[in-house]
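Every value quoted in this text rests on a predicted model; they were computed, and no experiment measured them. Residue numbering restarts at 1 for every chain, and letters A, B, ... go by the order of the sequence lines.
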Protein chains: 2
Amino acid sequence: MADAKKKIRVALSPALIKKEDLKESIVVVIDILRATTSMCVAFDFGVESIIPAQTLKECYAYKEKGYLVAAERNAVPVEGFDFGNSPFAFMTPLLKGKTLVMSTTNGTRAIYASKGAIEILIGAFANQSLLIDYLRFRNENIILVCSGWKYEINIEDTIFAGAVVYDLQPYFQLGNDAAMIAMALYKEADVRKSYFLRNSVHFHRLIERDLQPDVKYCLRRDTHPVLPYLKDDRLVLKSYEPQYLCLNKLLY
Amino acid sequence: MADAKKKIRVALSPALIKKEDLKESIVVVIDILRATTSMCVAFDFGVESIIPAQTLKECYAYKEKGYLVAAERNAVPVEGFDFGNSPFAFMTPLLKGKTLVMSTTNGTRAIYASKGAIEILIGAFANQSLLIDYLRFRNENIILVCSGWKYEINIEDTIFAGAVVYDLQPYFQLGNDAAMIAMALYKEADVRKSYFLRNSVHFHRLIERDLQPDVKYCLRRDTHPVLPYLKDDRLVLKSYEPQYLCLNKLLY
């Protein structure tokens, strides 16, 4: 029976999450440029846990207590902290075994808006195949939450959500129209990625600040096959052995 | 200078309207299945004004005062009123010169959420060419507000928003990523309309109630070239002479 399949839904903004769907769904928080990508990098480089912080005030308080802190505002690193939000900044042995505090306006908001879900995972192109493998293995309802930019929907998060829907559609049923919209966009974008990026608002914001290498890196698939999830208000690594190695053509 | 062009933005849900953009924008409220389509039909059949009502309680109050009332809930007409929400119901001489009260959960919410805009227009495939002509003539910033279904984004409103963006893109700049997403979807959908509809959640809701003819009619372009707009809490007809007859291949 086709209807017995679990549902995959997309929330194109945290404002569009339906609370009643949360408690029976696994959430994937998506903030491609650059928070969730950088989180995958940090875990791949051995960070033990990440505390997502919403305000700079929180960041200063953590900094005073001796934590490593990453903070940016409007795509610019905030002075006085250890890292900005560039994925390359986290490619350092300094992180090994440490707890990192990370301020990401939109990503953190998305995580808090998703509380109540069965589980909250971090997703990006960087960990796409592993993420898909895990979601297929768990076989629960899924909500892909795009962080966006304040109240705006953004194209890179939507494209990634579409990529995940596309990969999972043989095993799940589409649970809302946004899932179909995202998938259609992904199929268009896969052919004409540069066109879409040229027209993306946040992309321009990054390009103006000479961050093309960041953007390129954040769009690359399976660069950091790790699976961060939220446990007691901190992100930690999930230990998970891939089940469906044949599902994707790439790595592990 | 390309930047001197006015902006066209899309809000895929009333929850995503940015208040600060409203006061310098014309809003188009979109609820393809079926509220804004039926409004165009009613005006084309001579209704003088439409009062959008949000609750059934309001509707009963108006009915007692002797108004003609159209009310539906979950795609079913509510007993005791004069009309449901089917476009065919409004094709009657009974409406000529009358004021109609129309209860549309999502459409009405979208109208109220758009208050503060320069002007609030009603848009649907039914009045697409005239709407585009007028928006081009006015040359103000535009926000296309998709009513959606409660907190869900829906595909038919998004496709229509994309169609408007597509038609206007030579004259406006894309003001947010949602505008680009909607346009990409429209281009996909134009080729594979039936595929998209088969997968639409609201479409299924209507099909289950034998409303295929309604759906087909609501997707037809330029069936009712009228331009309703909000004036003092009522929708009335804008008298407007098309300026760019060459813009679209169709009618007037």
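Within a 6.0 Å radius of OH in Y166(A), other residues, nucleotides and ligands contribute 12 heavy atoms or fewer. When the shell of 6.0 Å around NZ of K57(A) is examined, it contains 12 or fewer heavy atoms from other residues, nucleotides or ligands.
For the pair K18(A) and E152(B), the salt-bridge criterion is met [side-chain N within less than 4.0 Å of a carboxylate O].
Close approach to chain B, defined as a heavy atom under 4.5 Å from one of its heavy atoms, is seen in L12(A), S13(A), A15(A), L16(A) of residues 8-17 of chain A, taken by number.
L185(B) contributes atom CG, which lies 8.0 Å from atom CE of M180(A) (distance to the nearest 0.5 angstrom).
Within the 3.5 Å criterion, the main-chain N or O of N154(A) finds no donor-acceptor partner in the side chain of D177(B).
The closest side-chain heavy-atom distance from I181(B) to I153(A) is below 4.5 Å.
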